[in-house]
Participant: 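Below is the structure I would like to discuss, written out as structure tokens.
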Amino acid sequence: MPSGYPFKEIEIKWQEYWRKVRLFNTPSDSVRPKYYCLEMFPYPSGRIHMGHVRNYTIGDVVARFKMMQGFNVLHPMGFDAFGQPAENAAIKNKTSPATWTYKCIDWMRQELKKMGFSYDWEREISTCSPDYYRWNQWIFLKMFERGLAYKKSSSVNWCPSCLTTLANEEVINGGCWRCATAVEKKDLEKWYLKITEYQECLLEDLKELKHWPERVVAMQENWLGKSVGAEIYFREKTTGEVIPVFTTRADTIFGATYIVLAPEHPMISKIKQQISNIEDVEKYIEIVKKETRLQREDVAKTKTGIELKGVKAINPVNNEEVPIWIADYVLMEYGTGAIMAVPTHDQRDFLFAKEHGLPMKIVIEKPETSPSTALGTDTEQSRSARNQKPEELTEAYEAEGIQVNSGQFDGLPNTVAKEKIAVWMEEIGIGKKEEKWRLRDWLISRQRYWGTPIPVIYCDKCGTVAVPEVDLPILLSENVEITGKGGSPLSRVKEFVETKCPKCKTKARRETDTMATFFDSSWYFLRFCSPKNKGEIFDKKDISYWMPVDQYIGGIEHAVLHLLYSRFFTKFFKDLGLVDFKEPFRHLLTQGMVLKDGEVMSKSRGNIVDPDEIIKDYGADTLRLAMLFAAPPEAEIDWNERGIEGTWRFLNRVWRMVEEQQPAPVKRSGLGKPETRVQKPEDSSVLDLKRKIHQTIKKATEDIENSFQFNTAIAAIMELVNEIYAQKPETRVEKPEIKEAIEAVVRLLAPFVPHMSEEMWEKLGHKESIF
RNA sequence: GGGCGAGUGGUGGAAUGGCAUACACGCUGGACUUAAAAUCCAGUGACCGCAAGGUCGUAAGGGUCCGACUCCCUUCUCGCCCACCA
């Protein structure tokens, strides 16, 4: 351990002081302007890691900085405490998820306190507490009342390792977000939240999020996936069954030479009798079913498929008969699960048609681009030069052009025809303008124990019945055997399952699935505003004072999941009249990851840097400052111990500089006589120093406030310290400008290294907290 | 395939049209010390030069401008997100 300033005593002293004077306990009724600074709350794993240190240090600097500027700052902390790791730990350690979780919360709270973060611990919440999750159940009931929570049977994502269903957002590259196991498909009847009801405003309101990172907005846009086009009704020739297809290229409809259905398409069983090669078709469907999601969605592989022989589809715009195929590259989940194929103007269709020898027809021609014909003359030669035969094509022509072979639309630019054809089809009833979204409703049922019970009862007579509000909370049973096998653990708890129907009072069963934990975190930022409210989910007064969150800080991994769900909940609350704003988070900062040797820190890699060790050897202040000095907050940091040493050296340099100063009598700012200083003849180095003080204050303030450039703010403070040291040693104590400079350094450093700054502030003769 | 971002010394990184490389790390030399640690001082983009000084230099190429790391065009490389999305 290096020798230097006594950080240990100092950190304990000031943490104790802050607690005693309740410096960070924030009243809601202040007349000062408010500032709500929030960092994404952690899952209580027990120990904090470097990612937490970074996230929470950034937040703490912002919170303390705003505090020093005079804002009434809400800076709360809590625990996202439900979730599967607790169940796994319970099995492993032969304890209960609750016991394990609460122990972890205690450890974690201790660790966070050791970092000196300015949290209002009186507002702490844990999502696994009945005081919290009863409001999950309440929200669910409100959604159920409005048809926004509903049960349906559908093909769902299933993680065979976690033994539970997953939301689409929780499937990352075809694997489970927790364990990366390849996700399977299962047909199950489960609970959904109708997030699609809000898709339009979830997209529209992204425009208002001017202070969100562009890439997060882009990721949400991608995820919502709005796509404008047309639905076109093909018909099967003999049965007359209508097969709607979705396309964004209605302009190419005259070039549709076959259609392709997803192998799961319900039409297949409807026209089964007419399919002459049904055995082969069924064999093919079986093969596709066995493919994992990842295999099926591999873009690089050759597209497989099989023609449905004996049936034909009629293209409604020209009544041409075209073959019907099924292929694994057409997905049932998107659009109508059926496409029209235009090989000449879609590269995928082109490759598929080449592979299987399917016909092609050109319906869009390259526009004339040579300067002479741009004026209006289009020669025979240039036309024929452009006029390729389909069989000569080496790839699909996907760019803009002029309609050909398209009946009354010939000669129109395709961009115009796209709209006209859609309108025309709608008029004569063979299609309509349509938009499709990628977003699916949110599957929230989890076949796990450690989560919020879904407040629903199944009665043989009355069907699915919502638990009445007065019966909330539906408590999680405590005596549950967690085995990790055999479906929802609650289903094996007789006293939980068996109940009475709230309507007819006869024997009924409770729903035994629990809610996805992302439900819990979709509104916790609202609960922080009135964390102790027993009678209501939150106090409207508190909400209207504190919300929206002024600054939200967290990892990019939540760009879609948590941030999208939170926006959805906020919009739902607005519709309920509980809040009067559309978006919950005004500014968003997504901090970069903390790596070690270019890799994510993990147990299996054995490259974990333990913040505790650094706190023990150098103190929390050094760790905090080193983390922020290493890089701007959005960038990745490859953690290097050397950064710690340099920061430690710097802080000791500052410490010695303060120790040199004799404690001066307390002078209140504003009561001094600045003019006496000005009148004194001054040497140029003093003038330079005064200039430097104010340049530094300006630079550091702007860097923190405008762009979160903590690294350059710190660099500016370092420069000022260097400047002070450049003064002659014998004059350092006498000159009032030196004291002024040192006080500026201490105050500027305070948000970064709060313990040490408080101590130095005291040494400089101040009786009150620097904050 | 679509979208977002990045590319600057040995290293982390500064500079958003005006002295390229702030600040820090590392390294080299020096002071202090019996010695080490700590601390302090000096130097540190490359090349030429004893020096003064000069030449080159921000992924590559081109352009705009009195002036470009910064703006525009072309290309390359890397990272992230979405993706047989019809």
Side-chain angles (χ1 to χ4, degrees), chain A residues 2-4 172-174 213-232 245-250 252 256 259-262 295-305 327-342 345-352 395-396 398 434-440 556-557 559-560 590 592-593 595 598 625-626 629-632 634-650 652-653 656 696 699-700 703 707 709-722 725-726 729:
Chain A
S3 63
I172 313 288
N173 289 329
E214 268 178 62
R215 66 174 179 147
V216 174
V217 172
M219 280 162 80
Q220 292 218 357
E221 250 168 35
N222 264 337
W223 190 262
L224 293 165
K226 183 179 181 173
S227 160
V228 178
E231 206 167 281
I232 302 174
V245 304
F246 176 70
T247 181
T248 53
R249 293 293 305 272
T252 64
I259 69 170
V260 189
L261 310 184
Q295 286 168 332
R296 170 127 180 219
E297 293 182 3
D298 180 6
V299 192
K301 80 169 194 226
T302 314
K303 301 173 192 349
T304 64
D328 62 349
Y329 79 95
V330 176
L331 306 173
M332 198 56 223
E333 306 91 87
Y334 187 76
T336 61
I339 61 158
M340 63 176 203
V342 187
H345 305 295
D346 182 289
Q347 187 61 16
R348 289 161 309 184
D349 297 343
F350 179 81
L351 293 174
F352 192 80
E395 58 177 7
E398 294 180 332
E434 178 76 341
E435 59 193 37
K436 296 286 178 195
W437 296 72
R438 209 184 86 91
L439 182 73
R440 297 287 91 130
I556 187 76
E557 66 273 19
V560 173
T590 49
M593 294 214 285
L595 307 176
L625 193 67
F629 186 55
E634 310 232 43
E636 275 180 356
I637 291 179
D638 200 347
W639 185 256
N640 187 336
E641 199 71 15
R642 291 218 178 98
I644 280 286
E645 285 160 26
T647 309
W648 168 250
R649 253 188 309 226
F650 166 69
N652 277 293
R653 206 164 130 84
R656 287 193 301 273
T696 306
K699 165 89 176 136
D703 283 355
S707 52
Q709 301 271 340
F710 303 123
N711 55 334
T712 51
I714 296 163
I717 300 168
M718 286 174 168
E719 282 186 59
L720 179 54
V721 172
N722 291 344
Y725 268 100

Participant: Heavy atoms under 4.0 Å, any strand shown: does Leu331(A) hit a base, just sugar-phosphate, or nothing?
Facilitator: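 Counting heavy atoms under 4.0 Å across all strands, the contact made by Leu331(A) includes a base.
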Participant: Could you give the CD1-to-P distance, from Ile717(A) to A14(B), as a whole number of Å?
Facilitator: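 Whole-Å distance recorded here is 16 Å.
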Participant: Hunt down the Watson-Crick or G-U wobble partner of A36(B), both distances under 3.5 Å, from any strand shown, or write none.
Facilitator: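 A36(B) is unpaired by these criteria.
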Participant: Suppose you measure atom C1' in C50(B) against the same atom in G5(B); what distance do you get, rounded to whole Å?
Facilitator: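 After rounding to an integer number of Å, I get 49 Å for this pair.
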Participant: Across the strands shown, which category fits Pro632(A) at heavy-atom distances under 4.0 angstrom: base, sugar-phosphate, nothing?
Facilitator: sugar-phosphate
Participant: Could you tell me the separation between the CZ atom of Phe352(A) and the P atom of A86(B), rounded to a whole number of Å?
Facilitator: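 Going from Phe352(A) (CZ) to A86(B) (P), I get 18 Å.
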Participant: For A14(B) versus A22(B), give the span between their P atoms, rounded off to a whole number of Å.
Facilitator: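 Their P atoms lie roughly 13 Å apart.
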Participant: For nucleotides G63(B) and C69(B), find the distance between their P atoms and express it as a whole number of Å.
Facilitator: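 Roughly 15 Å separates the two P atoms.
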Participant: For the OG1 atom of Thr647(A) and the CG atom of Asn652(A), what is their distance to the nearest 0.5 Å?
Facilitator: 11.0 Å
Participant: Is the phosphate of C40(B) approached by Arg656(A) (side-chain N or O, under 4.0 Å from OP1 or OP2)?
Facilitator: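 Yes, within the criterion.
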Participant: Please report the distance separating the P of A6(B) from the corresponding atom of G13(B), rounded so that it comes out in whole Å.
Facilitator: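 Straight-line distance between the two P atoms is 13 Å.
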Participant: When rounded to the nearest Å, what value does the distance between P atoms of A59(B) and U11(B) take?
Facilitator: 14 Å
Participant: Distance between the C1' atoms of G7(B) and A83(B), in whole angstroms?
Facilitator: 26 Å
Participant: Below 4.5 Å, heavy atoms only, C-beta onward: do Glu231(A) and Thr336(A) meet side chain to side chain?
Facilitator: yes
Participant: State the pairing partner of A68(B); accept Watson-Crick or G-U wobble contacts with both distances under 3.5 Å, and report none otherwise.
Facilitator: none
Participant: Should A24(B) form a Watson-Crick or G-U wobble pair with both distances under 3.5 Å, which nucleotide is its partner?
Facilitator: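 Here A24(B) is engaged in a pair, and the nucleotide opposite it is U11(B).
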Participant: Do Arg653(A)'s NZ or CZ and the ring of Tyr725(A) fall within the cation-pi criteria of under 6.0 Å and 45°?
Facilitator: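 Yes - Arg653(A) lies over the ring of Tyr725(A), closer than 6.0 Å to its centre and within 45° of its axis.
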Participant: Who are the salt bridge (charged side-chain N to carboxylate O under 4.0 Å, His left out) partners of Asp328(A), not counting sequence neighbours?
Facilitator: Lys301(A)
Participant: Within the 4.0 Å heavy-atom criterion, would you say Val560(A) contacts the bases, only the backbone, or no part of the nucleic acid?
Facilitator: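 It contacts nothing in the nucleic acid.
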Participant: How would you label the contact of Glu221(A) with the nucleic acid (heavy atoms, under 4.0 Å): base, sugar-phosphate, or nothing?
Facilitator: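 No contact at all - Glu221(A) keeps every heavy atom at 4.0 Å or more from the nucleic acid.
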Participant: Please give the nucleotide sitting opposite A46(B) as a Watson-Crick or G-U wobble pair, both distances under 3.5 Å, or none.
Facilitator: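 Partner of A46(B): U55(B).
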Participant: Which whole number of Å gives the distance between the P atom of G43(B) and that of C80(B)?
Facilitator: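 About 42 Å, rounded to a whole number of Å.
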Participant: Any idea which of A14(B), C84(B), A86(B) is nearest the Gln709(A) side chain?
Facilitator: A14(B)
Participant: Return the nucleotide paired to A83(B): Watson-Crick means purine N1 to pyrimidine N3 with N6-O4 or O6-N4, wobble means G-U with N1-O2 and O6-N3, both under 3.5 Å.
Facilitator: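 Partner of A83(B): none.
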Participant: In the strands shown, is A6(B) matched to any nucleotide by a Watson-Crick or G-U wobble pair with both distances under 3.5 Å, and which?
Facilitator: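 Base partner found: U77(B).
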Participant: Report the distance from atom CE of Met593(A) to atom P of G12(B), rounded to the nearest whole Å.
Facilitator: 17 Å
Participant: Please state how far atom CG in Leu439(A) lies from atom P in C81(B), giving the value in whole angstrom units.
Facilitator: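 So the two atoms are 19 Å apart, to the nearest Å.
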Participant: Round to the nearest Å and state the distance from Lys226(A) atom NZ to G2(B) atom C1'.
Facilitator: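 Between C1' of G2(B) and NZ of Lys226(A): 18 Å.
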Participant: First locate atom CZ of Arg348(A), then atom OH of Tyr329(A), and finally report the distance between them rounded to the nearest 0.5 Å.
Facilitator: 7.0 Å
Participant: Could you tell me the separation between the CG atom of Asn652(A) and the C1' atom of A37(B), rounded to a whole number of Å?
Facilitator: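 Between C1' of A37(B) and CG of Asn652(A): 14 Å.
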Participant: Near Arg215(A) CZ, under 6.0 Å, is it more than 12 heavy atoms from other residues, nucleotides or ligands?
Facilitator: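 Atom CZ in Arg215(A) is not crowded, with 12 or fewer foreign heavy atoms closer than 6.0 Å.
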Participant: With nearest nucleotide decided by heavy atoms, which residue, Ile172(A) or Thr336(A), maps closer to the 5′ end of RNA chain B?
Facilitator: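 By nearest-heavy-atom nucleotide position, the 5'-most residue is Ile172(A).
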Participant: Tell which nucleotide pairs with C19(B), taking only Watson-Crick or G-U wobble pairs whose two distances are both under 3.5 angstrom.
Facilitator: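 The base-pairing partner of C19(B), which may sit in any strand shown, does not exist here.
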Participant: Where does G9(B) land, syn or anti, given syn is within 90° of 0?
Facilitator: syn
Participant: Look only at the side chain of Glu435(A) and the backbone of Lys226(A), and say whether a donor-acceptor pair between them is shorter than 3.5 Å.
Facilitator: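 Checking the backbone N and O of Lys226(A) against the side chain of Glu435(A), no donor-acceptor pair under 3.5 Å is found.
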Participant: Using side-chain contact (heavy atoms from CB on, under 4.5 Å), reason through Phe710(A) and Asp703(A) one step at a time and then give a plain yes or no.
Facilitator: CA-CA 6 Å; Phe710(A) 303 123; Asp703(A) 283 355; over 6 Å; no
Participant: Map Asp703(A) and Asp349(A) onto RNA chain B by nearest heavy atom, then report which one ends up closer to the 5' terminus.
Facilitator: Asp703(A)
Participant: Mark up nucleotides 22-30 of chain B, 5' to 3', with B wherever a protein heavy atom is under 4.0 angstrom from a base atom, S wherever such an atom reaches only the sugar-phosphate, and - elsewhere.
Facilitator: BBSSS----
Participant: Taking side-chain contact (heavy atoms from CB on, under 4.5 Å) as the test, write out the residues that go with Tyr334(A), two or more places apart.
Facilitator: Ser227(A), Phe246(A), Lys436(A)
Participant: Whole-Å distance between C84(B) P and Arg348(A) CZ?
Facilitator: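 After rounding, the reported distance stands at 9 Å.
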Participant: Between Asp346(A) and Ile339(A), does a side-chain contact (heavy atoms from CB on, under 4.5 Å) hold up when you go through it step by step?
Facilitator: CA-CA 12 Å; Asp346(A) 182 289; Ile339(A) 61 158; over 6 Å; no
Participant: Pick the P atom in G45(B) and in A20(B), then give their distance to the nearest Å.
Facilitator: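 Taking atom P in both G45(B) and A20(B), they lie 14 Å apart.
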Participant: Rounded to the nearest angstrom, tell me the gap between atom CD in Glu398(A) and atom C1' in A83(B).
Facilitator: 14 Å
